[in-house]
Protein chains: 2
Amino acid sequence: MGSETPRRQARGQQRIQQILHAAAAIFAERGYDAATTNAIAAQAGISPGSLYQFFGNKDEIARALATHYAEQLRGLAAETFAPSPAATADLDELVDGLLTQLIAFNIEHPGFKALFARTDMPAGLRAAVQPVHASIHERVAALVAGLLADRPPEDTGRIATVTIQLVRAMMPLICEATNGTREALGRELHQVVVSYLRAQGA
Amino acid sequence: MGSETPRRQARGQQRIQQILHAAAAIFAERGYDAATTNAIAAQAGISPGSLYQFFGNKDEIARALATHYAEQLRGLAAETFAPSPAATADLDELVDGLLTQLIAFNIEHPGFKALFARTDMPAGLRAAVQPVHASIHERVAALVAGLLADRPPEDTGRIATVTIQLVRAMMPLICEATNGTREALGRELHQVVVSYLRAQGA
DNA sequence: TCAAAATACGAGTAGATGCTCGCATTGTCT
DNA sequence: AGACAATGCGAGCATCTACTCGTATTTTGA
């Protein structure tokens with residue numbers, strides 16, 4: 001049936017990391033569509049043939065990179081997403097902590113936006129990042145449900161969707177900005193999210 | 001210097017409209033990148049050669065379509081953007097009127113999103129829609145300046161940018177939704193914008 | 001009426017790109 | 001050591017797509 005993935009040697013594991021790192025750089029620089037597999041291979045310092053030793057096609061690279069980001073985000077999230085009563089009590093601080101971490105993450109990993117921040121995605125990319133999207137939504141929905149205990153899951157789910165969308169929309173603007181503009185836009189986003197959630201009853 | 005555009009006959013004017021209409025359909029269906037000029041020509045019922053009789057390249061089609069949309073939007077805007085004191089007095093009604101019109105426009109013209117709602121654009125598309133973007137921003141900034149008379153232009157400009165981004169981000173979600181979900185998301189967007197502007201002092 | 005311009009065609013071209021294939025090299029395991 | 005697997009290469013294939021070009025038809029304008 002399916003082609004089996006070979007037993008990876010240490011060298012192979014390193015190559016995979018190199019490729020993902022290179023892919024992140026190319027995706028960030030050109031966007032997913034315009035990124036060519038040959039360019040990714042060149043950036044990684046290997047031949048196209050070697051690249052396809054480890055990834056069957058372009059979408060698979062995107063999927064692996066998305067999963068990679070998801071794991072890093074999970075680690076970051078564990079600190080901040082924990083719905084400790086003390087934190088959720090102060091909405092301002094909760095949102096501030098989350099956004100600060102998310103903005104730092106997005107600046108540190110410019111490839112993340114290229115995969116996740118697009119409003120319209122080609123089918124392959126959409127499928128690649130869908131699981132990660134779902135996991136993010138689940139996490140945010142849980143947080144919103146904690147903030148708005150009296151609302152049905154249908155409402156909190158929709159509010160989570162909207163909130164994620166707001167953050168996604170602002171992230172490219174924030175990352176591209178420099179100097180004080182970035183901080184100013186970060187404050188705007190904070191105000192957007194907080195005032196929206198407060199209007200919902202948080 | 002530049003190649004002169006031929007004097008258009010009535011037939012040619014019609015063809016141009018046909019092509020723009022076809023391009024809107026193809027852009028809406030596949031997105032800008034995946035839309036091929038041959039597909040646009042086929043949708044318009046003409047040959048590729050005929051298409052290039054009227055447009056020098058793909059970006060030119062996008063630019064013409066963007067301009068076309070901008071004009072329609074200007075007409076729509078004249079009714080709603082007029083900063084009559086009565087309208088601006090009630091923020092809720094002002095935002096409601098604007099969003100209702102914008103949502104209807106986006107649903108009626110699915111090609112609009114494909115050109116304007118993307119967070120990352122290929123260089124050619126970005127250049128094609130930049131003037132239209134600028135004109136929209138100018139208009140919204142004027143409105144925001146009216147609402148927040150005591151803030152410097154630097155602030156109101158940034159607030160306009162953020163507001164536009166929020167609306168852009170939600171529009172695809174709203175358009176793809178059906179039944180009650182669309183109306184629910186529309187109300188969420190309304191609340192997002194209103195509570196954000198109120199938090200700014202409107 | 002008639003020449004010039006505009007419109008129309010569609011097979012074809014040049015370039016780009018995802019991906020392959022045959023073969024060489026390096027590592028692993030016994 | 002020796003066999004087998006993993007890694008590595010890079011020219012090149014198959015395909016796609018923006019765009020062209022030679023030619024035929026229709027419209028314009030005097």
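Order of the sequence lines sets the chain letters (A, B, ...), proteins ahead of strands, with each chain counted from 1.
The distance from atom OH of Tyr52(B) to atom C1' of dG10(C) is 14 Å, rounded to the nearest whole Å. Atom-to-atom, CD of Gln53(B) to C1' of dC21(D) comes out at 12 Å; the value is rounded to the nearest Å. The CD-C1' distance, from Gln14(A) to dT26(C), rounds to 14 Å in whole Å. Atom P of nucleotide dT20(C) and atom CZ of Phe55(A) are separated by 15 Å, given to the nearest angstrom. At whole-Å resolution of the value, NZ in Lys58(A) and P in dT20(C) are 15 Å apart. The distance from atom CG of Asn38(A) to atom P of dG15(C) is 17 Å, rounded to the nearest whole Å. The distance between atom OH of Tyr32(A) and atom P of dT17(C), rounded to the nearest whole Å, is 14 Å. When the C1' atom of dG27(C) is taken as reference, atom CZ of Arg8(A) falls 14 Å away, rounded to whole Å.
Relative to the side chain of Phe54(A), the nucleotides dA18(D), dG8(D), dC19(C) differ in distance, and dG8(D) lies closest. Checking dG29(D), dT7(C), dC19(C) against every side-chain atom of Arg7(B), the shortest atom distance belongs to dG29(D). Picking from dA6(C), dG18(C), dG8(D) the nucleotide with the shortest atom distance to the side chain of Thr36(A) gives dG18(C). In this structure, the nucleotide among dC9(C), dT7(D), dC19(D) sitting nearest to the side chain of Arg11(A) is dT7(D). Minimum atom distance to the side chain of Ser47(A) is reached by dC9(D), of the listed dG29(D), dG10(C), dC9(D). Closest contact between the side chain of Gln9(A) and the listed nucleotides dC19(D), dA11(D), dG27(C) involves dG27(C).
In this structure, a donor-acceptor pair under 3.5 Å is present between the side chains of Gln72(A) and His68(A). Neither side chain, Gln53(A) nor Arg15(A), offers a donor N or O lying under 3.5 Å from an acceptor on the other.
Within the nucleic acid shown, Ile46(B) comes within 4.0 Å of sugar-phosphate atoms alone, with no base atom in reach, counting heavy atoms only. Residue contacts for Gly12(B): at a heavy-atom cut-off of 4.0 Å it reaches the sugar-phosphate backbone alone, with no base atom in range. Nucleic acid contact for Ala35(A): sugar-phosphate only, since backbone atoms but no base atoms lie under 4.0 Å from a heavy atom of the residue.
Ring orientation note: the planes of Tyr32(B) and Phe27(B) are tilted relative to one another, at an angle of 30° to 60°.
Checking the phosphate oxygens (OP1, OP2) of dC9(C), a side-chain nitrogen or oxygen of Ser50(B) falls inside 4.0 Å.
Each of Arg15(B) and Ala10(A) was assigned the nucleotide of DNA chain C with the nearest heavy atom; the assignment lying further toward the 5' end belongs to Arg15(B).
Gln200(B) places none of its side-chain heavy atoms less than 4.5 Å from the side chain of Asp155(B).
Scanning atom types as modelled, no donor and acceptor separated by under 3.5 angstrom connect the side chain of Asn57(A) and the base of dC19(C).
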For this session: Apply side chain to side chain contact (heavy atoms under 4.5 Å, CB included) to Arg182(B) and Ile107(B), showing your working.
Result: CA-CA 11 Å; Arg182(B) 177 179 291 167; Ile107(B) 291 171; 3.3 Å; yes

